[in-house]
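Report on the following structure.
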Amino acid sequence: MGRGKIAIRRIENSTNRLVTFSKRRGGLMKKASELSILCDAEVGLIIFSNTAKLYDYASSSMKSVIERYNEAKEEHHQLLNPDSQVKFWQTEAASLRQQLQYLQEHHRKLMREELSALAVKDLQNLENQLEMSLKAIRTKKGQLLTDEIKQLNHKGHLIQQENLEQHNKVNLIHQENLELHNKFNLMQQENTELRKKVYGTRDANEAGRSSSPKHTLNNKNDLYTSVILQLSQPQPPMNDEAEKSMDLGLQLH
């Protein structure tokens, strides 16, 4: 469980009050030390306990911190005075005018104006400044061009990959079409063979049915003709067994 909030009021218990003072004082000094180290600040801390005991901390020395504090307080009091404020802003305006004049002169020199009054040393310094500026400009320009080339190469690589994927898809579709075409041709061949088998068998059956009765009749006619021819010819005398076998044959026919 987290620690509950403590009411900000005087602690009545003296023991608890001393313990809290010791803890908070140590934490406050630790924070002051961290602030001076992390932020490069000049920190001065003075603490008097309720028993009039002194505790202090200074990032450099307490004397220099107090002197700087007094100077800052005097300047602050001076700024509160109307005459001091007017003098302060007049000084600031004069300083800004000098800076503006210097910048305008420097700009005219860079624009190749008012060069006749410059000495050789001044011209050399101006030339060095221009060369440094040109070098920085070329470096920045080269960096921008390099970045653009990288971006274009990246886009070209992406487009090349997309084209390759599209080409692979087209090849895959073409292969599928070829496979379907081959399957269709194979099915046509199988249908043709089945049609030949079906219609060839039916034609053979019909041809067999139409030719077989004629052949039977011819055989019977041939048989009757042979029998008549045999009967028309003079026959030798037959015994009883031969006559019986001949009658049996005629009955079978």
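Atom-to-atom distance recorded for L145:CG and K141:NZ is 6.5 Å, nearest 0.5 angstrom. The distance from the CD1 atom of I137 to the CG atom of L130 is 9.0 Å, given to the nearest 0.5 Å. Going from atom CD of Q188 over to atom CZ of R195 covers 9.5 Å, rounded to the nearest 0.5 Å. K169 NZ to L172 CG: the interatomic distance, rounded to the nearest 0.5 Å, is 10.0 Å. Here the NZ-CD distance, from K63 to E67, works out to 5.5 Å after rounding to the nearest 0.5 Å. To the nearest 0.5 Å, the span separating CG on L103 from CD on Q98 amounts to 12.0 Å.
In this structure, the side chains of H157 and N153 stay at 4.5 Å or more apart for every pair of heavy atoms. With a 4.5 Å cut-off on side-chain heavy atoms, R10 and E12 count as touching.
Proximity of a side-chain donor or acceptor of S95 to a complementary backbone N or O of T91 within less than 3.5 Å is not detected. The backbone N or O of R17 lies less than 3.5 Å from no partner atom in the side chain of T20, so there is not a single donor-acceptor pair. Side-chain atoms of S22 do not come within 3.5 Å of backbone N or O of V19 as any donor-acceptor pair. Remark: the backbone N or O of G142 is paired with a side-chain donor or acceptor of T146 at under 3.5 angstrom. Of the possible polar contacts, none joining the S36 side chain to the V43 backbone as a donor-acceptor pair under 3.5 Å is found.
The two residues R25 and I47 make their nearest non-hydrogen contact at CG-CD1, 4.0 Å. Residue S33 comes nearest to Y57 through the heavy atom pair CA-OH, 3.3 Å, listed as atom of the first residue, atom of the second, then distance. Of all non-hydrogen atoms in M62 and L45, the two that sit nearest each other are CE-O, 3.6 Å. Taking both residues in full, the closest heavy atoms of A58 and S61 are given as CB-C, 3.7 Å, listed atom of the first, atom of the second, then distance.
A donor atom on one side chain and an acceptor atom on the other are found under 3.5 Å apart for E42 and S60. H181 and N177 share no side-chain donor-acceptor pair at under 3.5 Å. Side-chain atoms of H167 and N171 include a donor-acceptor pair closer than 3.5 Å.
In this view, H174 satisfies the side chain to side chain donor-acceptor pair (under 3.5 Å) rule with no residue, not counting sequence neighbours. Listed by chain and number, the residues in a ring pair (Phe, Tyr, Trp, His ring centres under 6.0 Å) with F21 are Y55 (sequence neighbours excluded).
Clustering of Ile, Leu, Val, Met, Phe, Trp and Tyr side chains at separations under 4.5 Å leaves V65 isolated, with no partner residue.
With a 6.0 Å radius and a threshold of 12 heavy atoms from other residues, nucleotides or ligands, Q101 has its CD atom at or below the threshold. Within a 6.0 Å sphere centred on CD of Q161, heavy atoms belonging to other residues, nucleotides or ligands number more than 12. Enclosure of atom CG in N13 by more than 12 non-hydrogen atoms of other residues, nucleotides or ligands within 6.0 angstrom is indicated.
No continuous path of ILVMFWY side-chain contacts below 4.5 Å connects F48 to M29, so the two sit in separate hydrophobic clusters.
Applying side-chain contact (heavy atoms from CB on, under 4.5 Å) to T192 and the options E190, Q189, K196 leaves one that passes, K196.
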